[in-house]
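Data block below; observations after.
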Amino acid sequence: MQTEQTLLEQLNDNQRQAVVYCDGPQLVIAGAGSGKTRVLTYKIAYLLVHYDLKPWNILALTFTNKAANEMKGRISGLVGDERGRSLQMGTFHSIFSRILRVEAATLGFSSDFTIYDEADSRSLIKSICKQMGLDDKTYKPSTVHAAISMAKNRLQMPDDYAADGDSLERDRRRNMAETHKIYRAYQSRLRLANAMDFDDLLVYTYLLLNQNEEIRRKYAARFQYVLVDEYQDTNYVQQQILWLLTRDVRRICVVGDDYQSIYAFRGAKIDNILNFQKVYADAQLFKLERNYRSTKLIVAAANSLMKHNERQIPKEVYSENENGEKVKVMETISDKREAAIVCREIKRIRQQEKCRWSDFAILYRTNAQSRLFEEEMRKSEVAMGDKYRVYGGLSFYQRKEIKDVIAYLRLVVNPNDEEAFRRIVNYPARGIGDTTLAKVLDCAQQQETSLWEVISNPVQYQLLVNKGTATKLLNFRALIDGFVAQREESDALTLARDIIEKSGIKADLATDRTAEGDSRRENLDSLISGIADFVQAQREDGQEEHVLLTDYLANVSLMTDQDSDDSSDDKVTLMTIHAAKGLEFGTVFIVGLEENIFPSQMSVGSMRELEEERRLLYVAITRAEKHCYLTWAHTRWRFGKMDGFVNASRFLNDIAPKYLDVQVEGGRGSGGHSSYGETWGGNSHGSYRPWEDDYEINKPYTGSREWGNDYGRRSGRMQNSRPVAGQFMADPKPKITSPRQAEQAVNPFSPSFEKMLRQGGRWTKVEHAVTNGGRTSGSGQRTSAPSGASSGSSYASSGSSGLHPGSVVEHQRFGRGVVVKVEGVGENAKATVDFDATGRKQLLLKFAKLRIVG
DNA sequence: AGGCATTAGATTTTT
DNA sequence: TCTAATGCCT
């Protein structure tokens, strides 16, 4: 517990001004590392202490549960547990879902409504398309859902959408003219299922407040002060809801940084923060520009990058820390070397500065890029063994075995939940197949009711199935009904255990004797312990009434495993830049700074998206406290092919050179004169020249070329080392470990490799690789390893397969055919064959079992 | 209905 | 290269 005086003493002038101003709407632009969270938490504490506001009168909204929990903890530290706990603090979605459960009846839902996740939404859309006879290749569920989601983000309901010329036109152009009909059907199916998707949580909150003045006034009065974190990431609905809640007394404080707006692709509108002062006319602007995190040079480099963005609130972030070192740019010959060098640097710096593994982060644009770094680190020679942790990937809650159990829980709480029903009606197998399901589905559609209603009253709804099937459906219904009967009596843990037992899930999993089965059972155990933790936590919290399944589900559906945090263990962090927002590390490696990767190929077409990519790099650089590295590689394996003509990212040109220290592998670069300029400085197609108006469309040429050489990228499946625990979950168990196959070495010195580089016109010669203790760094086997391309000709040799153009072959399925072309060697060997029966096909010899006939 | 063979496809993803 | 999804076979 702290007094007002001591609270304010812990802030700098700007921070303090932002904290004490409480007379009206307020916009706080908080640069990276400027103490944004500090201002928010202290402001809330100040409201409680100075204005004596009741904690339940303060609404504080964040984007992640993690941020909310952290902030709650810190406020509790300032003003005591008691008050901290009663704060209305959480994510938009969780706070609003709580309101919606209370007010559900007004909207025509029951308070036990299910929250559909992304997968549920897509699956529902798929089912709708099927029913409407639409091809799901044209109407890809994910694309359709994105369109619907975007519509909801701008508060366009199905009717509005169908009346909106722009939307219809766009859909027509994309050959998806029926999208508005899918949207309509989707929305009604959700309602029939008593379900809302993520977007609905916001949309319905808006509708609730907008259409019921009394309810609006109730909540506006309750939330006397509203604070919003990461305001740059809010979308239109969120902004509108905030307006409804605050337009009367206008006590709202939004905090954010337009420089860090990186979620436009999810509907976030940077305009919300850019225009805040127009919406709230008397809003006061506060800027926190002092960065406490990074060295001067890092901050300067990041600032210089952002000079190239047009849409922004001007600001000058500065640092009073030491100068530090320049941002290092490392140019390597291959993606593999990039990984090796990053690992080498980590080891070197760690030694030198006696810091921890957890002081390092490797940040990349796409998850796929993590693989090489994982591989490199597990190499015995690098000896970083398990000193790293990969974030991202498939979350715990998306694993099949977990989704199955959750589906049972959902169906018991809300039997109308269509997606849950479909998922488990035949799991474990009980002989209710696709045909039966289709009948039930049709029946439900016809009579506009839920699947559950249909199987509960098959006669009334004229469900036409034979007797055996009817019995199976009846049994299923009885099973679920049995659980439903317990739902108010037993706590979540008891009921969940019972369900796993009686549904046959347990028995089903028990039959699987494979390693995968072990992992499934362990995951299931984790889920159960999670439920146990939840029930216990509720009891300790004095919430004895709220230990039921419905309470657990209300919690768990908005939880992701990002929320768990075992940052306590000492490991190097590997994650996407998006995932790194809000974090900081002593040393940051930003890897893969190449055209088509960063900026991503998809974003170079438009100025707005390109600016977002640039902000993404800004976010990445500003994660670093002391050392920041930008790396790129001349050659990279992508999608199983070697990309041989890689251009450096245009963003490297956007950072003022005086803040950069460029190093080119081969040792030519560090002395100030490197191939840097020649390689990508002036001439490269990828350079970004803002003074040329066509720079956005002038995409760099990236040659790609098929390599017959087998450079032996043949890694085994990686051990799954991702985190998994959620908040109410026991320790994650390690997942299946499959033995790593021996890695076949790459030979960067093979004649053909050199030839390739020469042909690329970028390098005149491959110099010696950077050495490390007298040895070629990277892999010791490397230089002596067998090369797939030891001869001068780099490809088109048919290798050992003995196939030649003209060979007559026989395929198990396609029958007899004549080989037209053979390319590649080993793993990549591919043949084009004209089959008598089915025509020309390309076959990967690795897979196709061809018998040579003649 | 389940298992394997084949192919198509492949950003980022707070909730 | 890896994954997910489809389709065909038993």
Side-chain angles (χ1 to χ4, degrees), chain A residues 61-68 90-97 115-118 121 126 136-137 140-142 145-146 149 153 196-202 229-230 232-235 237-238 260 262-268 363-369 371-372 375 392-395 397-398 400 426-427 429-435 557-563 575-582 592 596-604 609 612-613 615-616 619-620 636-642 712-718 811-814 827-828 841-844 846-849:
Chain A
L61 297 165
T62 63
F63 276 86
T64 63
N65 296 305
K66 190 175 158 199
T91 63
F92 280 87
H93 296 263
S94 74
I95 297 274
F96 294 162
S97 74
I115 298 169
Y116 274 11
D117 67 14
E118 204 93 13
S121 295
K126 198 170 171 181
D136 67 358
K137 293 248 157 51
K140 285 217 257 0
S142 54
H145 183 238
S149 176
N153 278 182
M196 297 189 190
D197 67 14
F198 285 136
D199 301 308
D200 284 342
L201 295 176
L202 306 176
D229 190 18
E230 308 276 22
Q232 76 280 358
D233 290 336
T234 51
N235 59 29
V237 207
Q238 288 165 324
Q260 297 185 63
I262 55 173
Y263 281 103
F265 72 95
R266 294 281 261 108
L363 307 180
Y364 33 78
R365 180 66 241 269
T366 65
N367 285 119
Q369 289 168 259
R371 244 196 68 232
L372 274 178
E375 265 175 51
L394 194 63
S395 95
Y397 296 101
Q398 301 192 282
K400 183 189 175 302
N426 198 32
Y427 174 78
R430 37 177 84 87
I432 304 171
D434 287 346
T435 324
S557 23
L558 291 171
M559 212 139 66
T560 61
D561 47 29
Q562 290 256 327
D563 302 333
M575 54 170 56
T576 62
I577 299 167
H578 283 91
K581 194 173 77 158
N596 294 333
I597 293 183
F598 195 3
S600 135
Q601 166 106 68
M602 327 284 221
S603 60
V604 293
E609 287 175 86
E612 176 148 316
E613 295 275 308
R615 290 193 294 268
L616 195 55
V619 168
R636 182 174 295 275
W637 284 81
R638 284 180 89 193
F639 309 143
K641 286 216 181 71
M642 164 92 84
R713 187 59 56 93
R714 200 173 308 175
S715 68
R717 225 182 86 84
M718 287 296 98
H811 185 271
Q812 202 185 348
R813 228 150 47 79
F814 304 134
E827 292 277 281
N828 294 327
K841 289 202 188 303
Q842 288 208 331
L843 305 166
L844 262 187
K846 181 168 60 159
F847 297 125
K849 292 182 188 70

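Below, chains carry the letters A, B, ... as their sequence lines are ordered, and counting in each starts from 1.
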Give the intermediate values and the outcome of ring pair (Phe, Tyr, Trp, His ring centres under 6.0 Å) for residues His145(A) and Tyr116(A). CA-CA 12 Å; His145(A) 183 238; Tyr116(A) 274 11; over 10 Å; no
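- When the side-chain nitrogen and oxygen atoms of Asn235(A) are compared with OP1 and OP2 of dT15(B), none of them lie within a distance under 4.0 Å.
- Under the salt bridge (Lys or Arg N to Asp or Glu O under 4.0 Å) criterion, Lys581(A) pairs with Glu230(A), Asp233(A), sequence neighbours left out.
- With contacts defined as side-chain heavy-atom distances shorter than 4.5 Å, the pair Glu613(A)/Arg365(A) qualifies.
- Nucleic acid contact class of Ala429(A) (heavy atoms, under 4.0 Å, all strands): sugar-phosphate only.
- Here the C1' atom of nucleotide dT11(B) and the CD atom of Gln369(A) are 10 Å apart, to the nearest Å.
- Between the side chain of Arg371(A) and the base of dT1(C) there is no donor-acceptor pair of N/O atoms closer than 3.5 Å.
- Checked against dT15(B), dT1(C), dT6(C), the side chain of Phe639(A) finds its nearest nucleotide in dT1(C).
- If you check dT13(B), dT6(C), dT15(B) against the side chain of Ala579(A), the one that comes closest is dT13(B).
- Following rounding to the nearest Å, Lys137(A) (NZ) and dG9(B) (P) show an atom-to-atom distance of 8 Å.
- Side chain of Ser97(A) to main chain of Ser94(A): a donor-acceptor pair is present (N/O by atom type, distance under 3.5 Å, no hydrogens or angles).
- Looking at heavy-atom distances under 4.0 Å, Thr366(A) makes contact with sugar-phosphate atoms alone, never a base.
- Heavy atoms of Glu612(A) sit nowhere under 4.0 angstrom from any nucleic acid atom.
- OP1 and OP2 of dT14(B) both lie 4.0 Å or more from every side-chain N or O belonging to Asn65(A).
- Taking only side-chain atoms of Thr576(A), from C-beta outward, the nucleotide of dT6(C), dG2(B), dT12(B) with the closest atom is dT12(B).
- Closest to the side chain of Thr64(A), from the set dT11(B), dT15(B), dG2(B), is dT15(B).
- Looking at heavy-atom distances under 4.0 Å, Asn426(A) makes contact with sugar-phosphate atoms alone, never a base.
- Side-chain atoms of Glu612(A) come within 3.5 Å of backbone N or O of Ala264(A) as a donor-acceptor pair.
- Distance CG/Leu363(A) to CD1/Ile577(A): 6.0 Å, rounded to 0.5 Å.
- Lacking a ring centre under 5.5 Å from that of the base six-membered ring together with a plane angle below 30°, Trp637(A) does not count as stacked on dT1(C).
- Among the nucleotides dT13(B), dA5(C), dT11(B), the one closest to the side chain of Glu609(A) is dT11(B).
- A donor-acceptor pair under 3.5 Å is formed between the side chain of Tyr364(A) and the backbone N or O of Met575(A).
- Nearest-nucleotide positions on DNA chain B place Glu613(A) closer to the 5' end than the other of Phe63(A) and Glu613(A).
- Taking atom C1' on both dT12(B) and dA5(C), the two are 23 Å apart, rounded to the nearest angstrom.
- Residue Asp199(A) is out of contact with every strand shown, counting any heavy-atom pair closer than 4.0 Å.
- As rounded to whole Å, 12 Å separates atom C1' of dG2(B) from atom NZ of Lys400(A).
- Closest to the side chain of His93(A), out of dT6(C), dT12(B), dT15(B), is dT15(B).
- Comparing dT13(B) with dA4(C), their P atoms sit 16 Å apart, to the nearest whole Å.
- Rounded to an integer number of Å, the gap from Leu616(A) CG to dT13(B) C1' is 12 Å.
- Comparing dT13(B), dT11(B), dA1(B) by their nearest atom to the side chain of Phe265(A) picks out dT13(B).
- No contact: Gly582(A) has no heavy atom under 4.0 Å from any strand.
- Between Ser603(A) and Tyr263(A), the one whose closest nucleotide on DNA chain B sits nearer the 5' end is Ser603(A).
- Listed nucleotides dT15(B), dA5(C), dT11(B) differ in distance to Lys126(A); the shortest reach to its side chain belongs to dA5(C).
- When the P atom of dT15(B) is taken as reference, atom CG of Leu201(A) falls 13 Å away, rounded to whole Å.
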